Amino acid sequence: MNYWLVKSEPETYGWHHFTQQGRAIWDGVRNYQARNNLKAMKRGDQVLFYHSVTNPAVVGLATIVQEAYPDPTVAEDPGAASKGWVVVELEPLMPLDNPVSLRHIKAEPLLAAIGLIKQSRLSVMPIRVDEFELILKMGAKSSKNDHELL
DNA sequence: GCCAACGTTGGC
DNA sequence: GCCAACGTTGGC
């Protein structure tokens with residue numbers, strides 16, 4: 001099992017929209033490193049859903065329900081066809097009771113090496129299992145970490 | 001709105 | 001192959 005984080009701007013495609021829809025085709029990724037991460041995703045992998053730009057925070061947990069296949073939106077994107085862009089499909093598992101803000105992530109020494117901080121512009125990235133579990137713990141209801149960090 | 005980080009493009 | 005110019009992402 002692998003763990004990942006994907007970013008989305010809530011104004012464009014937020015957690016709420018995702019859960020209403022029930023399933024998302026993660027299309028439009030046009031960065032090679034992000035694409036390689038999409039290709040490495042396996043069915044059942046767990047994915048942290050992160051809101052970027054507006055109130056940046058991890059807001060929910062999702063899972064991979066369909067592994068990578070060619071991005072159908074490439075058809076309307078002249079010049080992109082040869083670059084091997086792919087999509088995966090995601091389904092929501094659960095929201096975090098307390099969204100874990102970027103502020104809190106930066107304040108947590110155990111998360112100092114997380115890709116979210118190290119490579120702030122990457123939109124699809126792997127997460128270590130210990131980082132993943134800690135973020136879920138921080139996002140759980142009445143977490144000890146909230147009191148420490150707030 | 002500004003700016004830093006960083007990826008892409010194109011001239012040479 | 002180098003590098004300047006430019007575009008995009010995303011935090012603040």
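The figures that follow rest on heavy atoms only: side chains count, while hydrogens, waters and symmetry mates do not. Here the structure is a predicted model, which is why all the values come from computation and not from measurement. A note on names: the letters A, B, ... follow the listed sequences, proteins ahead of strands, and every chain is numbered from 1.
- Side chain to side chain, Glu89(A) and Tyr69(A) meet the donor-acceptor criterion of an N or O pair below 3.5 Å.
- Between the side chains of Thr54(A) and Glu9(A), no donor-acceptor pair of N or O atoms lies under 3.5 Å.
- Side chain of His51(A) to backbone of Lys7(A): no donor-acceptor contact under 3.5 angstrom is found.
- Put simply, CZ on Arg103(A) is 9 Å from P on dC12(C), counting in whole angstrom units.
- When distances are taken from the side chain of Arg121(A) to each of dT8(B), dC12(C), dG7(B), the shortest belongs to dG7(B).
- Atom CD1 in Ile117(A) sits roughly 10 Å away from atom P in dC12(C) (whole-Å rounding).
- Counting to the nearest Å, the C1' atom of dA4(B) and the CG atom of Leu102(A) are 15 Å from each other.
- Per the geometry, NZ belonging to Lys7(A) stands 15 Å off P belonging to dA5(B), to the nearest Å.
- Distance CD (Gln33(A)) to P (dG7(B)): 7 Å, rounded to an integer number of Å.
- With values rounded to the nearest 0.5 angstrom, Met1(A) atom CE is found 7.5 Å from Phe132(A) atom CZ.
- Taking atom CG on Asn31(A) and atom P on dT9(B), their separation rounds to 12 Å, with Å as the unit.
- In this structure, Gln119(A) places its CD atom 14 Å from P of dA5(B), rounding to the nearest Å.
- One finds no side-chain N or O of Tyr50(A) lying less than 4.0 angstrom from the OP1 or OP2 phosphate oxygen of dT9(C).
- Taking atom CD1 on Ile114(A) and atom P on dG11(C), their separation rounds to 13 Å, with Å as the unit.
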